[in-house]
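First the proteins, then the strands, lettered A, B, ... as listed; each starts at 1. Reckoned from all heavy atoms, side chains included, excluding hydrogens, waters and symmetry mates.
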Amino acid sequence: MDDFLAARLQMAVSLGFHIIYASIGMTMPFFMFVAELKWLKTGKDVYLQLAKAWSKGVAIFFAIGAVSGTVLSFELGLLWPEFMKHAGPIIGMPFSWEGAAFFIEAIALGLFLYGWKRLNKWVHLGSGLLIGIAGVTSGFFVIAANGWMNSPEGFEWINGRAVNIDPFDAMFNAAWISQSVHMIIAAFAATGFAVAGVHGAILLKHKESQFHKNALRIALTFGAIASLIQPLSGDYSAKDIAKRQPEKLAAMESLFETQEKAPLIIGGIPDAEKKEVKLGIEIPGFLSFLAFGNFNAEVKGLDQIPREDWPPVLLTHISFQIMVLFGMIMAAIAILFLLFRWKWEYLLEKPWWLRILTFATPIGFIALETGWMVTELGRQPWIIYKIMRTKDALTPMPGIVYPLILISIIYLILTFLSVYLMRRQIRYVHEKRLNS
Amino acid sequence: MIILAFIFIGVSMLLYVLLGGADFGAGIIEIFTDKKGVNTISKAIAPVWEANHIWLIVIIVILFNAFPEVYSTITQYLHIPIMLALFGIIFRGTAFTFRYYDPFSDTSHAIYTFIFKLFSVFTPFFLGVTLGAVIFGEINTASGISFYQQYIAPWLNLFSISLGLFIVILFAYLASVYLSGEPADEESNKDFKRLSKLILIALVITGGLVFIIAEFSGLHLLHKFIKSPVSIGCGVFATLLLPAFLIALNRNRASLVRIIAGAQTGAILIGWFAAQFPVLVVLQGSPSLTIYNTVAPDKTLLMMIIALFVGLAFVIPLLFYLFKVFKFSEKTNTDY
Ligand code: HDD
Ligand code: HEM
Ligand code: HEM
């Protein structure tokens with residue numbers, strides 16, 4: 001495998017791994033917060049147990065998030081030194097803020113996890129909320145850096161060097177808001193569905209457990225609300241990239257020719273050589289509408305872009321289809337859930353409903369990963385959009401395939417281990433509750 | 001402002017060594033203690049390890065923000081030892097957490113413990129090797145030289161290895177000092193104290209070794225040290241504190257012992273920075289990277305420093321609170 005491909009894969013593996021733990025670390029504190037708040041308000045012990053049980057899971061996920069994040073902050077230089085040499089001073093500021101947010105997050109986590117007996121109840125509750133707020137804030141800051149790669153601002157590029165750097169403008173780049181809002185909501189949606197799915201699966205076996213019923217309800221409420229906002233936010237993102245990165249839009253929609261009344265293609269396999277899409281369903285005019293709010297608007301196709309500047313069409317297109325498909329499924333489940341909660345409570349306990357939720361456990365995270373594939377593959381071949389090519393940023397060190405293999409194996413093992421440990425935690429909670 | 005950025009790196013490094021270092025050291029000490037001691041160690045680190053390690057991230061962020069070429073040069077040419085240290089960070093952090101949170105104590109606990117101990121030595125060793133390579137001056141940025149010369153020789157040398165060893169022992173020493181003051185039973189406290197004396201001897205020996213090897217490898221560390229008055233002062237100060245340390249240790253003054261050990265470490269670090277100033281990375285065959293020839297534009301520095309100060313304004317009080325709740329409180333029954 002050549003070093004360039006290996007480096008890209010290593011980046012994808014490391015980020016794709018980190019984002020799962022980071023998303024859980026950002027959103028679970030809010031779930032715990034609600035559980036603890038309910039305990040304080042109702043005095044029901046089952047909520048306290050829930051908050052404690054969740055907090056142990058969070059501690060495990062958080063630790064993996066922290067180590068994989070540390071690895072990332074070095075990997076940016078290990079794999080792309082030429083990129084960081086120029087980008088560091090421009091996007092360093094959001095990273096500095098992010099560092100401060102991490103600190104607050106880690107401290108609050110320490111207080112929350114180990115302070116059940118030492119802190120005043122309300123201070124304890126507050127520390128839980130603080131973890132979540134600091135986590136979401138740090139998420140906002142990192143995405144500012146990624147937004148800048150998609151929409152580089154705050155400097156002038158002269159003779160291969162950045163001059164007149166303004167870190168402020170760089171941080172508040174055009175891509176930042178749409179990306180970070182969409183991502184934070186995605187984290188809530190994905191984590192909400194995943195947590196609800198796990199508790200749903202357990203409820204299938206232990207029908208009467210109030211503990212798991214409460215857990216499911218809290219998690220899915222977060223997940224459902226987020227999943228209903230997500231398509232709106234996604235629509236905003238799409239309109240945004242239609243203006244900023246037409247080649248990304250063209251690749252994710254497989255639009256080979258510039259046209260008015262551009263069709264929305266659902267499904268299908270694009271063939272970049274023949275410039276056609278096989279097996280897709282076309283809805284005329286809809287892409288124009290989605291991108292510009294007007295059925296007759298002209299949408300730029302890949303024909304207007306030099307061949308060497310095309311993003312990988314096939315993968316971007318498929319990833320986008322998967323994200324949107326799963327987003328729709330999630331929104332549908334969300335509507336059902338809110339309806340049932342409102343009118344038909346008894347349906348929430350039906351096995352078929354719990355089975356749907358169990359099946360839906362991973363789909364939020366799959367949508368999240370494929371969404372990032374759209375963003376990151378759709379940015380190619382640029383590491384800094386229209387400024388620096390990814391291949392020019394690559395480290396000259398040969399043999400990148402070895403760290404790639406090692407990192408992949410390690411992360412695979414960690415994935416299995418964290419699942420294994422979760423199962424043991426769940427078993428433990430069960431045995432303890434049966435004995436008490 | 002450049003100096004301020006430099007001081008921030010120094011301070012973060014000191015805090016990383018003192019806090020993160022003691023944390024690594026606790027894992028090293030575990031190799032020499034019995035079950036009870038292990039318990040004390042786990043309880044002492046668990047609430048603070050995550051916060052302790054963020055200092056490393058702070059250092060990295062300041063480097064690529066304020067001295068980008070230093071960051072890119074180090075990550076490019078020292079790819080291998082850095083990657084090894086990162087593997088260590090992954091294994092150690094997760095093994096520790098898994099051990100703490102796996103509710104059933106069966107064989108899996110023995111495995112977590114083994115990994116935790118092993119990588120508590122491995123990780124600081126490679127961090128030390130990386131640091132050694134940065135000082136040593138065999139990093140060669142020329143093109144057309146062999147893989148070995150470019151990516152291995154800079155760190156695979158006696159000096160870097162001796163510095164790696166020194167860092168491992170320094171961390172163990174810091175941990176033994178902290179732990180001897182942790183609320184535990186008499187027995188473990190005595191053990192930790194005896195250990196810290198032994199480790200101190202080892203530390204002085206390896207410290208001397210680093211200087212001797214440097215001399216033989218043509219890196220005149222001693223010479224550099226003597227040229228800077230600040231460095232001499234720091235060296236003398238750290239040495240003078242040695243007897244004070246032993247007295248305080250014998251009289252059971254736990255917090256005084258911690259403060260002295262911290263001051264000694266601080267002195268070593270400041271001495272080293274002063275001897276090195278303004279160089280950050282020594283290169284072979286081309287001018288060294290200094291804080292002046294790699295610095296980012298003023299506006300970037302200003303924004304970074306503002307962010308750091310505002311961040312600190314939040315972090316310092318919270319950090320104090322965290323340590324107050326967990327480290328200086330009398331209650332011994334930590335629950336989780
Ligand atoms: C739970 C996850 C999830 C769900 C259900 C959706 N998305 Fe998404 N999407 C993401 C998770 C995500 C993401 C992982 O968070 C991305 C990657 C980068 C980003 O900012 O958000 C993303 C990126 C992303 C982009 C590219 C933005 C850019 O590159 O700047 C577009 C155009 C959309 N999404 C559009 C949609 C639409 C129209 C959806 C309709 C249902 C949708 N997304 C559902
Ligand atoms: C956490 C969610 C993220 C995921 C899943 C993700 C995914 C990916 C993928 C798949 C690639 C490889 C693209 C290719 O080369 O074809 C990539 C590259 C990269 N990403 Fe991201 N990304 C994420 C967030 C970020 C953020 C927040 C940053 C900003 C600092 C970032 C910086 C980079 C860099 C520097 C590269 C390498 C250069 C390149 O391939 O263009 N990523 N990412
Ligand atoms: C969209 C992308 C990302 C999001 C939303 C995100 C969010 C988070 C969050 C919430 C944490 C806290 C730990 C946890 O909850 O598990 C975390 C940890 C961390 N992340 Fe990320 N991250 C992203 C990408 C990145 C990238 C690209 C880098 C590095 C360049 C990075 C560096 C770190 C570091 C260093 C930590 C450890 C902090 C600690 O010790 O607590 N992250 N991330």
Please check this pair: side chain of Tyr101(B) against backbone of Ala59(A), looking for a donor-acceptor N/O pair closer than 3.5 Å.
no
Short side-chain to backbone donor-acceptor contact, Thr300(B) and Pro89(A), under 3.5 Å
yes
Quick one, [X] and [Y] - any side-chain contact, counting heavy atoms below 4.5 Å?
X: Ile64(A); Y: Phe98(B); answer: yes
X: Tyr71(B); Y: Lys85(A); answer: no
X: Tyr151(B); Y: Pro398(A); answer: yes
X: Leu318(B); Y: Phe103(A); answer: no
X: Phe62(A); Y: Thr97(B); answer: no
X: Ile57(B); Y: Thr70(A); answer: yes
X: Ile60(A); Y: Tyr100(B); answer: no

How far does [atom1] of [X] sit from [atom2] of [Y], to the nearest 0.5 angstrom?
X: Ser68(A); Y: Ile89(B); atom1: OG; atom2: CD1; answer: 11.5 Å
X: Ser108(B); Y: Leu421(A); atom1: OG; atom2: CG; answer: 8.0 Å
X: Met303(B); Y: Trp97(A); atom1: CE; atom2: CH2; answer: 10.0 Å

Quick check on [X] against chain B: is it the side chain, the backbone, both or neither that has a heavy atom closer than 4.5 Å?
X: Leu394(A); answer: neither
X: Ile413(A); answer: neither
X: Tyr411(A); answer: side chain

Please classify the contact of Tyr112(B) with chain A as side chain, backbone, both or neither, using a heavy-atom distance under 4.5 Å.
side chain
In terms of heavy-atom proximity below 4.5 Å to chain A, should Leu312(B) be classed as side chain, backbone, both, or neither?
neither
Kindly give the heavy-atom pair with the smallest separation between Leu86(B) and Val71(A), and that separation in Å.
CD2-CA, 3.9 Å
Closest non-hydrogen atom pair between Ile54(B) and Gly99(A), with its separation:
CG2-O, 4.4 Å
When heavy-atom pairs shorter than 4.5 Å are enumerated against chain B, which of [options] gives the highest number?
options: Ala100(A), Pro403(A), Gly88(A); answer: Gly88(A)
options: Thr395(A), Leu111(A), Leu109(A), Ile90(A); answer: Leu111(A)
options: Arg424(A), Glu75(A), Met84(A); answer: Arg424(A)

Would you please go through residues 60-68 of chain B and name the residues with a non-hydrogen atom below 4.5 Å from one of chain A, in numerical order?
Ile60(B), Val61(B), Phe64(B), Asn65(B), Pro68(B)
Under 4.5 Å, heavy atom to heavy atom: which of residues 75-85 of chain B reach chain A? Give them by number, or say none.
Thr75(B), Gln76(B), His79(B), Ile80(B), Ile82(B), Met83(B)
For Phe4(A), look at atom CZ and say whether over 12 heavy atoms of other residues, nucleotides or ligands are found less than 6.0 Å away.
yes
Please check if atom CZ in Phe147(B) has more than 12 non-hydrogen atoms from other residues, nucleotides or ligands closer than 6.0 Å.
yes
Exactly one of Val67(A), Leu414(A), Ile410(A) clears side-chain contact (heavy atoms from CB on, under 4.5 Å) with Phe91(B), and that residue is Ile410(A)
